[in-house]
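The structure under discussion appears below in the form of structure tokens.
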Amino acid sequence: MVSATDSSDCFHCGEPIPSGLSLEARIRGQSRPVCCRGCLAVAELIASSGLDRFYQFREGHSKRPDPVQENRWLTWDRDVLLNQVSQVQPEGRRELLIGVENIHCAACAWLIERLLKPLPGVDEVEVNAATATLRAVWDPQRTPLSNLFTRLDQAGYVPQPQSQQSDGRQRERRAALKRLGVAGLGMMQVMMYAVALYAGAFQGIDAGIERLLRYVSLVIATPVVLYSGFSFFRGAWRDIKAMRPGMDVPVALAIGAAFSASVVNTLRGTGDVYFDSATMFVFFLSVARYLEMHARHRSQSVADGIAGALPDLAERVIESPAAQSDTHSEWVTPAELNAGDRVRLAGGDAVPADGRIVHGSASVSEALLSGESAPLSRSAGDTLRAGSTLLSGQCEIEVSAVGGETLLAQIGRLLSRARSQRPPVAALADRIARWFVAGVLVIAALVAIIWLQRDPGRSFEIVLATLVVTCPCALSLATPAALAAATAGLARQGILIVSGDAMESLARVTTLVADKTGTLTDATPRLSATQVIGDVPQSRCHELAAGLERGSRHPLARAFESHAAANPDRPPATEPGAGVEGVFNNQRWRLGRPDWVGELAEKSGDANEPDSEQCQGTWLALGNQQGVQCWFLVSSNLRPQAMASLDALRGMGLSLEIASGDAPRAVRRVAHSLGIDHYQSRMSPEAKFERLRELQASGHSVAMVGDGINDAPVLGGADVAIAVGGAAALARSGADVVLLGRSLAPLAWCIRHGRKARRVIRQNLLWALLYNLVAVPLAAAGMIAPWMAAAGMSLSSLLVVANAIRLQDVQKRPQRTEA
Amino acid sequence: MNMLYLIVPISVLLLALAIGVFLWAVRSGQYEDLDGPSVRILLDDDDDSPPDENAKHRNDS
């Protein structure tokens with residue numbers, strides 16, 4: 001259920017409402033404030049479809065929707081892409097299988113189902129909230145795929161083609177669940193027989209029945225150990241071959257010894273059997289590892305995203321025409337392009353391959369590639385790079401490099417190389433495991449030697465009891481239980497732990513390196529000040545500006561999107577590098593660079609910017625033929641909680657740096673306002689990587705925070721890679737931790753929680769060792785019966801798990817003293 | 001006592017049956033989404049009555 005929020009927060013997405021804005025949506029008979037047109041549109045869609053019950057049942061706020069671009073999904077109606085995401089079914093139907101972004105609870109799944117079902121031709125819609133997938137059966141003739149996608153988009157959910165990773169994850173999950181079920185059912189049955197055998201040990205039991213129960217236990221324990229326990233044996237074998245024994249080795253040893261010795265005793269007809277211990281052991285460990293895998297998978301499936309940097313389709317020109325009319329072109333995927341092809345691009349397109357502009361001009365953003373946020377002008381003869389975006393303009397390029405040759409691909413390779421060169425994190429438990437195995441074998445040998453001399457008849461039993469008692473159940477539960485609880489706890493706070501060793505790496509971090517644009521600052525700029533200098537009222541100025549900028553992809557345009565827009569007489573024209581011009585009620589208006597706006601005025605006036613000393617950001621002028629009427633200050637603000645979070649990190653002893661691809665002045669400003677001393681600007685991906693290696697060579701353990709493709713190689717090479725909300729797909733794929741949401745507060749939380757997890761793991765390991773210290777001498781002295789071994793194992797496991805459960809709550813406020 | 005020689009093996013057969021059913025359930029995807037169906041029942045209630053005042057307060061806390 002949604003918790004009470006400040007009345008000045010958006011009802012739909014929970015973000016603060018810009019002051020002076022009053023937009024309301026009518027839900028269930030009540031007026032609710034919203035922060036922007038996007039949230040208003042979604043809320044009205046939900047209310048008008050009669051689905052406002054959604055707001056009662058959702059768990060937490062929805063994500064603030066990006067502005068819906070008209071016709072964004074049209075290319076998906078092409079057969080090429082249709083076949084990618086759907087399969088042909090009888091009677092002209094198709095079955096669609098895709099992932100969906102922004103689903104965060106079961107109510108979202110219900111909402112999507114209810115929104116898509118009424119569309120004509122849709123037979124079935126099934127949304128799985130746990131895996132964030134959508135399955136639908138529909139008739140593409142009656143409702144094109146683009147309509148389905150647009151509906152999803154309008155509700156604030158983004159469709160994405162499923163990745164192979166999610167298939168792999170499903171297989172892994174199912175296999176683990178099968179093993180778990182067999183182990184659980186088998187264990188319960190064997191325990192029942194074992195209770196009878198224990199009772200028999202006290203009260204006496206008929207020899208025939210005892211033999212029957214033992215054999216039946218053997219029959220049931222065999223598939224449990226061999227099928228469910230197989231992964232432990234395989235892991236132990238891998239470890240031994242690689243000469244790096246980990247936690248699997250003592251586990252395999254204990255299970256194998258207990259099981260095989262019990263089989264021997266059953267066949268011999270004498271001695272004790274430990275089938276119940278062996279099966280319990282397999283079951284407990286399977287549960288712990290399943291929970292850990294489950295928590296990790298949930299994080300991974302949310303972090304997956306293929307809405308990547310390359311476009312879905314590119315328009316290739318077949319014959320280069322002499323005249324513009326009569327051109328022949330076809331739509332192909334970027335992978336099908338060849339060097340020498342001509343591709344036509346328009347405003348809003350992502351560039352599919354490296355190429356040289358043959359004719360036309362455009363304003364492009366290479367922000368994802370270089371971190372540089374200012375738009376660049378390109379015209380005939382200049383090069384465009386794959387992965388950059390056309391903000392405005394139209395051009396035709398001749399492809400020079402495709403696929404693996406592009407700069408984009410080179411960055412991707414840098415990322416893979418960085419990841420493979422990462423030193424493996426030897427988990428604490430694995431290191432202990434090595435000593436443990438050695439110790440157990442030595443003790444078992446000693447015990448055997450001693451008892452063979454004292455009482456050879458009992459020596460086998462006693463050695464077996466010793467091995468079972470040392471059973472590293474608590475030891476091997478220590479890490480997975482803690483990681484499962486910590487991962488789940490962080491996931492609830494919007495922090496996704498995607499890789500297995502991220503938690504321990506987080507605990508070890510000594511230095512944090514952050515990117516600037518989009519990471520420390522918001523990706524979307526805000527309108528921070530308005531200064532009217534003419535007769536036009538302020539609200540009218542806002543309307544004109546919004547009307548001029550609507551539909552523009554220029555980064556500064558988004559500052560106006562929450563305002564109501566005036567309707568221009570015809571679509572506004574963009575002048576790359578200068579601004580946008582439109583006509584309202586037969587009056588020409590320009591918004592953009594002050595000198596260009598001033599050119600519109602008939603008389604030359606002074607176009608002086610207001611005092612910009614204290615203000616951060618860019619001044620835009622709005623003017624008509626009478627001169628400049630209004631000044632707007634557009635700035636990129638720091639993400640919420642940036643200062644508080646960095647302060648907390650400093651309090652924890654971390655040193656902070658900025659490594660950015662943006663211009664020096666902008667980087668210096670942000671660094672000063674955050675109190676960061678070490679910062680560098682205009683850094684290429686390679687330069688960032690160099691800095692990373694420098695720090696690591698001097699002994700630092702580095703956490704890297706970023707969002708763009710230019711951060712990808714650094715993210716790959718860092719000890720811990722953190723991607724912030726809205727990160728490009730390539731950056732996310734190199735990350736260990738993904739932060740959802742706009743706030744930077746989770747940065748401090750996850751490092752603090754990683755340290756707490758490490759403490760809990762250490763406590764668990766300590767307890768496990770202590771337990772062994774007490775139990776082994778007792779077993780060696782011949783005082784431990786099978787039921788005592790089983791009871792001891794259960795209790796120590798319980799304690800470890802109970803301790804781990806403490807990690808489900810993430811602490812947000814710093815304690816007074818923090819190491 | 002002779003009974004046990006019959007009952008115990010039967011219990012093993014029942015266990016095998018239980019395991020078989022479980023494996024079928026996993027394979028047919030019944031464990032894929034454990035949260036969705038429970039909430040769906042609540043949401044699909046066709047409830048035309050005015051919003052419950054108590055429910056609103058509970059949601060706001």
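Order of the sequence lines fixes the chain letters, A, B, ..., with proteins taken first and strands second; residue numbering starts at 1 for each chain. Because the structure is a prediction, the values reported are computed rather than measured.
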Of G184(A), A107(A), G208(A), G50(A), the largest count of non-hydrogen pairs under 4.5 angstrom with chain B goes to G208(A)
Which atom pair, heavy atoms only, marks the closest approach of I103(A) to C108(A)? CG2-CB, 3.9 Å
Q87(A) atom CD, neighbour heavy-atom count above 12 within 6.0 Å: no
Counting only heavy atoms closer than 4.5 Å, note whether L185(A) contacts chain B via side chain, backbone, both or neither. both
Does any backbone or side-chain atom of L51(A) lie under 4.5 Å from a heavy atom of chain B? Answer side chain, backbone, both or neither. neither
Contact summary for G156(A) and V42(A), nearest pair of heavy atoms: N-CG2, 4.2 Å
Member of H12(A), R32(A), Q30(A) meeting the side chain to side chain donor-acceptor pair (under 3.5 Å) criterion with Y55(A): H12(A)
Heaviest contributor of heavy-atom pairs below 4.5 Å to chain A, chosen from V12(B), I19(B), V26(B), is V26(B)
Roughly how far apart are Q170(A) CD and N128(A) CG, rounded to 0.5 Å? 8.5 Å
Measuring heavy-atom distances to chain B, does L212(A) have an atom under 4.5 Å in its side chain, in its backbone, in both, or in neither? side chain
